[in-house]
Number of protein chains: 2
Amino acid sequence: MGHGGLRPEDIEHARTQLSNFLSRRGLKQTRQREAILEAFLESGGHMTSEDLYERVRPQNPEIGAATVYRTLKLFCEAGIAHPNHFRAGVTLYEHRGGHHDHLICVSCGDIVEFECSMIEQTQLEIAGQYGFRLTNHRHDLYGYCPKCSKDEEPNP
Amino acid sequence: MGHGGLRPEDIEHARTQLSNFLSRRGLKQTRQREAILEAFLESGGHMTSEDLYERVRPQNPEIGAATVYRTLKLFCEAGIAHPNHFRAGVTLYEHRGGHHDHLICVSCGDIVEFECSMIEQTQLEIAGQYGFRLTNHRHDLYGYCPKCSKDEEPNP
DNA sequence: CTTGGTGCAAATCGTTTGCACCGTC
DNA sequence: GACGGTGCAAACGATTTGCACCAAG
């Protein structure tokens, strides 16, 4: 179920973003970071460090898993990636930008993104009622996607 | 920031629920399961297996951590508990019942539950648009609670 | 007495870290 | 050259599992 990578302009933007972030912080531009960034951007988002490691490996066999973990964290700080914990024990990284709301198929794992400004608005109101100042949110809907709906029957 | 345990009637209901679940499945009613259930119900919800283990230990030094993990999973199947992954690496279990929507303070970790039927409704519509058949959802709003809002300043 | 439950310790899994070496600035 | 980056392997923390023993039905 691969879906939506980024458009060329987004990719270019991400490259610049990382570049700026690195120099601003006095960090180094390395071959590995470039390779990992490209692999991440080419992917559809929603991947684990492990996944990305596998993706990078063929072209760069010397890059270690630890570097991928470290780099992905760096991307999060740079605002290029965002970590998500859909299930126990794994961190899924997604492309930044857009709102992080998802429809997740509990059967095949497919992830679809959606956005609803009405809900966004309502969230702010609710937070206000409790005196909370919101920084971010997550809104995930779990269920069976159209394909899997046909296989799985409601009552076991 | 402790808050809301369950009312006596809810506790009674949970006991029955587990009891029924066990016999329905041909499983056994054990001293450990009772002890762990009581500890879980007495707590405010939103605890890790580890937390519960510590809570149970004083009165039942022989109960092992593995049993608590196993039992908590059982509670989930029985519909008494519900697992949540607010942050990487830990599973937080909460009391079942009510909708699982939360306001979470990123500073002190306080968790407030809320419910909004309008959002619930909208979720169904969105799922429908994508042909998904929903089974459950999670909706977490992160931010600073009133107390912590005073300390933390918006711009770093 | 039969089958599931428990406790312990060892095993796993994802992720992190210490350290010696390597490459960028 | 200095300091951050990398690779490897060992360390880690949460959770799971194999196994021999125990207890509920």
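Reckoned from all heavy atoms, side chains included, excluding hydrogens, waters and symmetry mates. Every chain is numbered from 1 and lettered A, B, ... according to where its sequence line falls, protein lines coming before strand lines. All figures in this text were calculated on a predicted structure; none of them were measured in a lab.
Rounding to whole angstrom units, CZ of residue B:R87 and P of D:dG13 are separated by 13 Å. Whole-Å rounding puts the A:R70 CZ to D:dA9 C1' distance at 12 Å. Rounded to whole Å, atom P of C:dT24 lies 8 Å from atom CZ of A:R31. In this structure, B:F75 atom CZ and C:dG5 atom P are separated by 13 Å, rounded to whole Å. Atom-to-atom, CZ of A:F21 to P of D:dG5 comes out at 10 Å; the value is rounded to the nearest Å. Look at CZ on B:R25: it is 21 Å from P on D:dA24, rounded to the nearest Å. In this structure, A:L92 atom CG and C:dC13 atom P are separated by 18 Å, rounded to whole Å. What separates CG of A:L22 from P of D:dT6 is a distance of 10 Å, to the nearest Å.
Side-chain N/O atoms of B:Y69 include none lying less than 4.0 angstrom from OP1 or OP2 on D:dT16. For A:T30, no side-chain nitrogen or oxygen approaches OP1 or OP2 of D:dG4 to under 4.0 Å. A:T67 has a side-chain polar atom (N or O) that falls below the 4.0 Å cut-off from OP1 or OP2 of D:dG7. Taking side-chain N and O atoms only, B:Q29 has no distance below 4.0 Å to OP1 or OP2 of C:dG4. For B:K73 and D:dT16, the shortest distance from a side-chain N or O to OP1 or OP2 is below 4.0 Å.
A salt bridge is absent between B:E42 and B:R55: the closest approach of a Lys/Arg side-chain nitrogen to an acidic carboxylate oxygen does not fall below 4.0 angstrom. By the 4.0 Å N-to-carboxylate-O rule, B:E34 lies too far from B:R15 to be salt-bridged with it.
Listed for the A:R138 side chain is a donor-acceptor partner under 3.5 Å among the backbone atoms of A:H85.
Residues A:Q32 and A:K28 both approach DNA chain D. Their nearest nucleotides, taken by heavy-atom distance, put A:K28 toward the 5′ side.
Between B:E62 and the options B:R31, B:Q32, B:R57, a side-chain hydrogen bond (donor to acceptor under 3.5 Å, both in side chains) holds for only B:R31.
Counting non-hydrogen atoms under 4.0 angstrom, A:T91 reaches the backbone sugars and phosphates but no base.
Side-chain contact annotation: B:H82 with B:E94, donor-acceptor N/O pair under 3.5 Å absent.
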